[in-house]
Amino acid sequence: MKANMQPIDTPIPTKRHTLLGMSPSVAQLRIDIESAARSEAKVLLTGETGVGKEVVAHEIHHGSRRSRAPFVTINCAGVPDTLLESEFFGHARGSFTGAFRDNPGLLRQAHGGTVFLDEVGEMSLRMQALFLRFLETGELQTVGAGAARTHVDVRIITATNRNLFESVSAREFRADLYYRLNVFHLHIVPLRERAGDITLLLDHYGGLFGQQHGRAAPVFSDQAIELLARYPWPGNIRELRNLIERVVSRATTQVIEPAHLPKEVLAAVSAANESAPKNVGHAGPHEARVEAILERLLVHRESFWTSAYAAFMSRDIIRDDMRHIIRAGLEHTHGSYQVLLGLFNMPAADYKRFLGFLKQHDCHLPFQRFRALRATRPADLPFRRVSA
Ligand SMILES: Nc1ncnc2c1ncn2[C@@H]1O[C@H](COP(=O)(O)OP(=O)(O)OP(=O)(O)O)[C@@H](O)[C@H]1O
Ligand SMILES: [Mg+2]
């Protein structure tokens, strides 16, 4: 239920959009969502457009005791005051031209549930006053229904991509309303600050759109992923999702290379490269990255999780680097993943998690080919410097 649906996302075949992400900021967000869901306090969600504020609002509602009651979204942007007021509070038949029947209003329809007020920073001062009165009393005054009031029980979640605090200073947003709404404040970080989540989102939406278009899920090459991780994503996850759909619907091959990505993405990344300081004298960055991780694993005896895994998730290394690391390790262990756990400083209990991670990210290499290496002398192995 929406008073005004904008911007529009094409519907996708999921029951509801689940919050995806493994970056530390998303892990923290999940903890905050759980605390917010346990409470009845008002929540203010902030973050750039497309970061997932509505997804988070849904998660809070679905985790709360109100999950079986309605979740109603009201978008405050670009709706004339009179229309917004009647959408909020309802109107009586004949209260204005065109009001042919009674309208209970969205707040009443959400009774027992959650109201998600999107783009709350766009509300006019008049609507802010009416809304504040409702928050203070919990009572609705239907447009054109005289003094009759009804009490509704709703939990309020608001969202904005504005800096509401600045709007308060500029006197565009009422300070008393701001403090009332800002009990729980959850800020969602932009995608460019959690680029480690991109692979996961590519897999998820690639699978979904592949299914929708009757095609195999796309496989993004390491170069394409590296490029996407450098793009600043002004439209955040919405933009990434739309890009994936575009790529899937146009692709003639399953493997997606940089050339298959939209021109504006390629142009933005190359413009950023040109303005970035040059990395003089840094030969073979791929090999240097892999060697650095292998050194941490094999010389400094760091755990795989805090070295290779952490670097991969924060996109300091790419899938191809991870495959090289695994390959180098398997060459030492003659193809044994069990032994590799010890070599990479993990307890045996991590076996399932480790293999699950490798399979999920297509870094699980067949062990048979390493069995044939039994006769290989250590000096012949790659990355001699670190394995010595
Ligand atoms: N963590 C996430 N995992 C999966 N999909 C996500 C995630 N965050 C956002 N999305 C998807 O991105 C799109 C935009 O999300 P959403 O509408 O929640 O953003 P928003 O912050 O409310 O944006 P706006 O400020 O423009 O209203 C949706 O299709 C949503 O399903
Ligand atoms: Mg939104």
Side-chain angles (χ1 to χ4, degrees), residues 1-34 36-37 43-63 71-79 106 114-123 156-164 167 181 185-212 217 228-229 231-248 313 315 360:
M1 247 179 290
K2 279 198 172 200
N4 173 28
M5 297 171 83
Q6 55 162 314
I8 296 165
D9 292 323
T10 40
I12 51 171
T14 41
K15 272 198 289 194
R16 70 188 167 89
H17 306 172
T18 27
L19 183 80
L20 300 173
M22 287 174 73
S23 54
S25 62
V26 173
Q28 182 57 49
L29 185 61
R30 283 206 185 88
I31 295 171
D32 294 341
I33 289 171
E34 276 176 28
V43 180
L44 174 65
L45 301 170
T46 56
E48 292 178 10
T49 183
V51 280
K53 296 184 292 294
E54 185 154 355
V55 174
V56 170
H58 274 278
E59 295 266 326
I60 295 173
H61 171 73
H62 286 284
F71 176 92
V72 174
T73 299
I74 307 178
N75 193 317
C76 307
V79 189
L106 292 168
T114 305
V115 169
F116 174 50
L117 219 62
D118 208 357
E119 317 253 17
V120 70
E122 312 305 310
M123 242 188 208
I156 304 286
I157 301 181
T158 50
T160 180
N161 45 33
R162 278 189 186 225
N163 183 333
L164 262 198
S167 306
L181 299 176
H185 179 192
L186 272 60
H187 179 73
I188 307 167
V189 304
L191 184 57
R192 66 184 158 278
E193 288 176 26
R194 48 178 162 124
D197 285 340
I198 289 178
T199 359
L200 204 104
L201 292 160
L202 289 175
D203 286 349
H204 176 78
Y205 284 118
L208 271 177
F209 289 124
Q211 211 178 13
Q212 222 177 47
L228 293 175
Y231 179 64
W233 298 109
N236 290 287
I237 300 182
R238 178 181 293 112
E239 188 183 3
L240 176 63
R241 207 192 86 143
N242 292 344
L243 175 144
I244 300 169
E245 183 169 21
R246 239 166 101 184
V247 166
V248 170
M313 296 321 284
R315 302 231 44 86
Q360 185 186 353

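When reading the values below, keep in mind they use all heavy atoms of this one structure, side chains included, and skip hydrogens, waters and symmetry mates. By convention here, the first residue in the shown sequence is residue 1. Order of listing sets the numbers, starting from 1, for every ligand and every atom in it. In this text, all values refer to a predicted model and were calculated from it rather than measured experimentally.
- With sequence neighbours excluded, the residues satisfying side chain to side chain contact (heavy atoms under 4.5 Å, CB included) with Leu200 are Leu20, Met22, Gln360.
- Note on Glu119: not counted as a metal contact of the Mg ion (ligand 2), no N/O/S atom lying under 2.8 Å.
- Counting heavy atoms from C-beta on, the side chains of Thr46 and Leu164 never come closer than 4.5 Å.
- The side chain of Arg241, and not its backbone, has at least one atom closer than 4.0 Å to an atom of ligand 1 (non-hydrogen atoms only; side chain from C-beta on).
- In terms of polar-atom proximity, Thr49 is counted as a contact of ligand 1, with an N or O under 3.5 Å from an N or O of the ligand.
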Would Asp197 and Ser23 count as a side-chain hydrogen bond (donor to acceptor under 3.5 Å, both in side chains) if you check the C-alpha gap in whole Å, the side-chain angles of each, and the deciding distance to 0.1 Å?
CA-CA 6 Å; Asp197 285 340; Ser23 54; 2.7 Å; yes
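- In this structure Gln28 satisfies the side chain to side chain contact (heavy atoms under 4.5 Å, CB included) test together with Ile31, Asp32, sequence neighbours excluded.
- Nearest N/O/S atom of Asp118 with respect to the Mg ion (ligand 2) is recorded as OD2.
- Residue contact annotation: Gly47 has no non-hydrogen atom under 4.0 Å from ligand 1.
- With a heavy-atom cut-off of 4.0 Å, Thr18 touches ligand 1 through its backbone alone.
- Residue contacts with ligand 1: Ile188 is excluded, as none of its non-hydrogen atoms falls under 4.0 Å.
- Aromatic ring orientation, His185 versus His187: perpendicular (interplanar angle above 60°, classes split at 30° and 60°).
- The proximity of Leu20 to ligand 1, defined as any non-hydrogen pair under 4.0 Å, involves the side chain as well as the backbone.
- A distance-only check finds no donor-acceptor pair linking the side chain of Trp233 to the backbone of Glu193 [under 3.5 Å].
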